[in-house]
2 protein chains.
Amino acid sequence: MVQARPRVIIIGAGFGGLSAAKALADAAVDITLIDQRNHHLFQPLLYQVATASLSPADIAAPIRSVVWDQKNLTVVLGKVSGVDTEAKTVSGDNGVRSGALPYDYLIIATGARHAYFGNDHWETFAPGLKTIEDATAIRHRLLMAFEQAEMAIDAAETERLLSIVIIGGGPTGVELAGSIAELARAALARDFRRIDPRKAKVILVEAGARLLATFPEDLSAAALKSLQRLGVEVRLNARVSDCNAQGVKIGDDFVGAGTILWAAGVQASPAASWLKVEADRAGRVKVAADYSIPGHPDVFVVGDTAALTDARGVVVPGVGPAAKQAGKYAARVIMARLHGEVAPAAFVYRNYGNLATIGRRAAVVDFNWIKLRGPLAWWLWGGAHIFFLIDFRNRVAVAINWLWSFLTYKRGARLITGPTITQPREADTERKGMSQE
Amino acid sequence: MVQARPRVIIIGAGFGGLSAAKALADAAVDITLIDQRNHHLFQPLLYQVATASLSPADIAAPIRSVVWDQKNLTVVLGKVSGVDTEAKTVSGDNGVRSGALPYDYLIIATGARHAYFGNDHWETFAPGLKTIEDATAIRHRLLMAFEQAEMAIDAAETERLLSIVIIGGGPTGVELAGSIAELARAALARDFRRIDPRKAKVILVEAGARLLATFPEDLSAAALKSLQRLGVEVRLNARVSDCNAQGVKIGDDFVGAGTILWAAGVQASPAASWLKVEADRAGRVKVAADYSIPGHPDVFVVGDTAALTDARGVVVPGVGPAAKQAGKYAARVIMARLHGEVAPAAFVYRNYGNLATIGRRAAVVDFNWIKLRGPLAWWLWGGAHIFFLIDFRNRVAVAINWLWSFLTYKRGARLITGPTITQPREADTERKGMSQE
């Protein structure tokens with residue numbers, strides 16, 4: 001009787017997928033939004049979960065509750081394992097049930113994982129930060145290192161346990177380093193009897209010549225200064241050549257470390273191999289100017305999974321705002337086709353600014369038209385992040401937690417959960433992929 | 001030169017151990033507070049973590065940060081495995097280092113775990129609620145059951161997945177049942193497309209003739225009414241004879257269930273076997289009138305690990321306030337001995353009241369001199385719990401979370417973390433003891 005409505009499948013409920021879904025809210029389509037997790041994650045604040053400032057639920061919202069009132073959308077919890085661009089179906093397990101789901105339009109927004117550039121065995125020693133589980137595993141490791149240092153009898157071992165090496169001087173590395181330095185120097189400072197957490201050594205290693213390579217140079221310099229003021233040792237032009245259970249080899253220098261964190265690179269999700277299309281070295285799908293893939297105008301890849309140089313010649317960066325813009329753009333392309341309208345103008349990435357925070361009171365902000373640093377930048381950074389958080393409750397909870405730690409120097413989420421056994425490395429390895437909040 | 005100060009070891013930083021430690025704050029002793037976790041847990045609100053209202057960090061505080069300013073105290077993260085009452089030492093692994101820690105006075109406050117009365121294999125199917133890990137595992141199971149129901153093709157299977165059986169009609173069982181009923185009927189109600197969460201069946205099974213057996217009879221009746229108003233099916237005089245992956249056998253009646261929760265009994269920690277002393281059927285150490293153990297006046301057992309009938313003939317119950325009172329009392333006995341003073345008067349348990357909440361707006365409160373039920377009781381219950389929460393930040397965070405869910409009917413911590421695979425039962429079993437927040 002009724003003409004079936006076009007089916008749109010969106011894979012991934014991150015910034016890209018969610019913004020595509022919302023942009024299609026009024027379209028006469030049936031949307032299926034597939035994610036392997038039940039929550040949308042506000043990744044920019046993930047490092048605050050890893051460093052015990054925020055709880056996971058503060059920065060994550062159930063996907064179903066974000067889109068519950070979007071009547072043309074069904075949320076499916078499931079893991080996609082493949083796409084058949086000829087049959088136009090998506091296959092997978094769990095929620096992607098009974099073989100394959102058919103689509104008329106497909107938007108892939110599956111993001112990226114951290115990458116070890118051919119040294120995948122380093123992951124055991126130097127975990128990265130992309131999911132809630134990553135964050136609580138890092139929190140466990142970090143807090144356990146202080147507990148073990150408190151128990152250690154050997155002075156050299158104590159020093160090693162109190163050394164934290166962060167690899168990669170982009171925003172995540174800079175933010176982790178600042179937050180960990182403050183954790184050691186303020187939140188933990190008075191809580192131990194045998195060790196002095198303030199003596200913890202935080203080392204930030206960057207292969208390039210400056211921190212925050214995508215920021216203007218003077219902000220890189222400001223970030224460096226702020227970190228050094230917090231006591232972070234920043235090593236520029238320094239390349240990690242090995243990682244093991246005892247520490248990190250930086251060039252020819254071996255640095256013992258109780259905690260090693262990886263913030264040095266990402267690898268796109270396997271969309272390119274699903275689609276059998278060309279990818280760049282980071283695994284990102286080379287998309288056409290309208291975010292569709294060559295030869296398949298009904299398949300779009302957006303966000304960290306896509307590689308695109310926009311109409312003005314700007315390489316679209318792998319950040320949240322770019323993913324949001326791309327998701328929305330792909331939705332507009334689909335709507336134009338459905339309505340037989342002219343395709344929207346070629347995609348242009350709008351860079352509203354770059355922000356990074358260094359500890360509790362400093363930040364660097366580049367709004368293009370104005371550059372800021374110091375406390376004012378910090379407040380702007382905080383306000384902007386709270387503003388973009390997904391719902392009211394999270395905003396209030398995060399504001400309260402920040403205010404509390406600002407006033408008391410404490411950390412609200414300093415929990416070590418799961419077994420507190422003697423060898424945290426093995427424990428962490430086993431726990432990979434296991435459930436944490 | 002100086003006379004060594006008496007060494008007090010306290011095992012367990014729950015309500016009993018922590019109150020003993022605080023009562024000894026000004027004593028001329030060296031206290032070692034040992035716990036296998038880094039956090040003190042506010043257990044009365046644990047069911048709200050299990051039902052996605054609160055985050056773990058809202059009801060847990062790092063032990064070190066609770067006692068950081070108590071100069072005569074050292075916190076040790078470690079697991080005790082034995083006590084030698086002749087040599088007067090405590091042995092264990094991890095923080096309880098280099099063999100054995102010597103003590104002059106020992107206070108054991110290690111609490112209890114849920115017990116299955118000889119049916120330990122039921123634990124896989126019907127997990128209990130005592131730790132943060134228990135709570136997040138239950139949250140995972142509960143939320144995944146709705147996700148799986150949404151995916152299920154078979155109507156009978158959908159109905160089974162949407163059935164939740166809670167075994168045990170004490171405060172934990174009653175509070176779980178009320179909270180789960182509201183989760184299904186309000187928070188989840190509009191979030192699914194194929195199922196109607198409001199049709200979820202919540203069944204509370206109690207072996208005795210009434211709920212809340214330790215409360216006055218009219219409050220038991222009020223609790224029953226409140227639960228029924230929320231749509232909970234309460235089965236009294238009903239005994240569970242078997243549990244498996246498909247459901248629960250209640251008497252001769254098999255009830256299919258996607259989630260089974262155990263709130264029917266506890267077993268004390270193994271202190272009795274460490275001490276080689278007599279225990280009651282629940283494993284609790286039969287202590288003397290001053291909470292010391294027979295033949296060892298320097299060893300005290302308090303809280304859920306101890307069995308005592310007080311000087312007025314009242315059986316001291318296994319609740320937080322009783323543990324606090326006992327911990328403080330044991331500390332006073334120790335201080336009297338140190339100062340050569342007369343021992344304090346025999347222990348008398350002060351019952352300030354019993355509270356239980358049923359969903360968001362009803363509660364029953366028994367203050368001995370006054371009994372309350374309904375919304376006023378709920379607000380009293382909430383206020384009392386927030387007041388007793390361990391620190392300012394937790395109080396504010398919990399108040400915000402409650403206000404938010406009160407106004408919006410949503411749940412702030414509705415996260416499914418870890419793998420969302422098809423068979424949650426197996427996954428949960430593997431995850432036992434693994435790390436969650």
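Chain A is the first sequence line, chain B the second, and so forth, proteins listed ahead of strands; every chain is numbered from 1.
The backbone N or O of B:Val75 sits nowhere less than 3.5 Å from a side-chain atom of A:Arg193 that would complete a donor-acceptor pair.
Of all heavy-atom pairs between A:Arg64 and B:Arg414, the closest is CB-NH2, 3.8 Å. Scanning both residues, A:Leu415 and B:Ala60, for their nearest heavy atoms gives CD2-CB, 3.7 Å.
Here the straight-line distance linking atom CG of A:Asp58 with atom CG of B:Asp58 works out to 7.5 Å at 0.5 Å rounding.
Interface check for chain B: of the options A:Thr131, A:Thr74, A:Leu143, the most heavy-atom pairs under 4.5 Å are formed by A:Thr74.
Considering B:Glu147, B:Glu150, B:Gln148 in turn, B:Glu147 is the only one that fulfils the side chain to side chain contact (heavy atoms under 4.5 Å, CB included) rule with A:Leu77.
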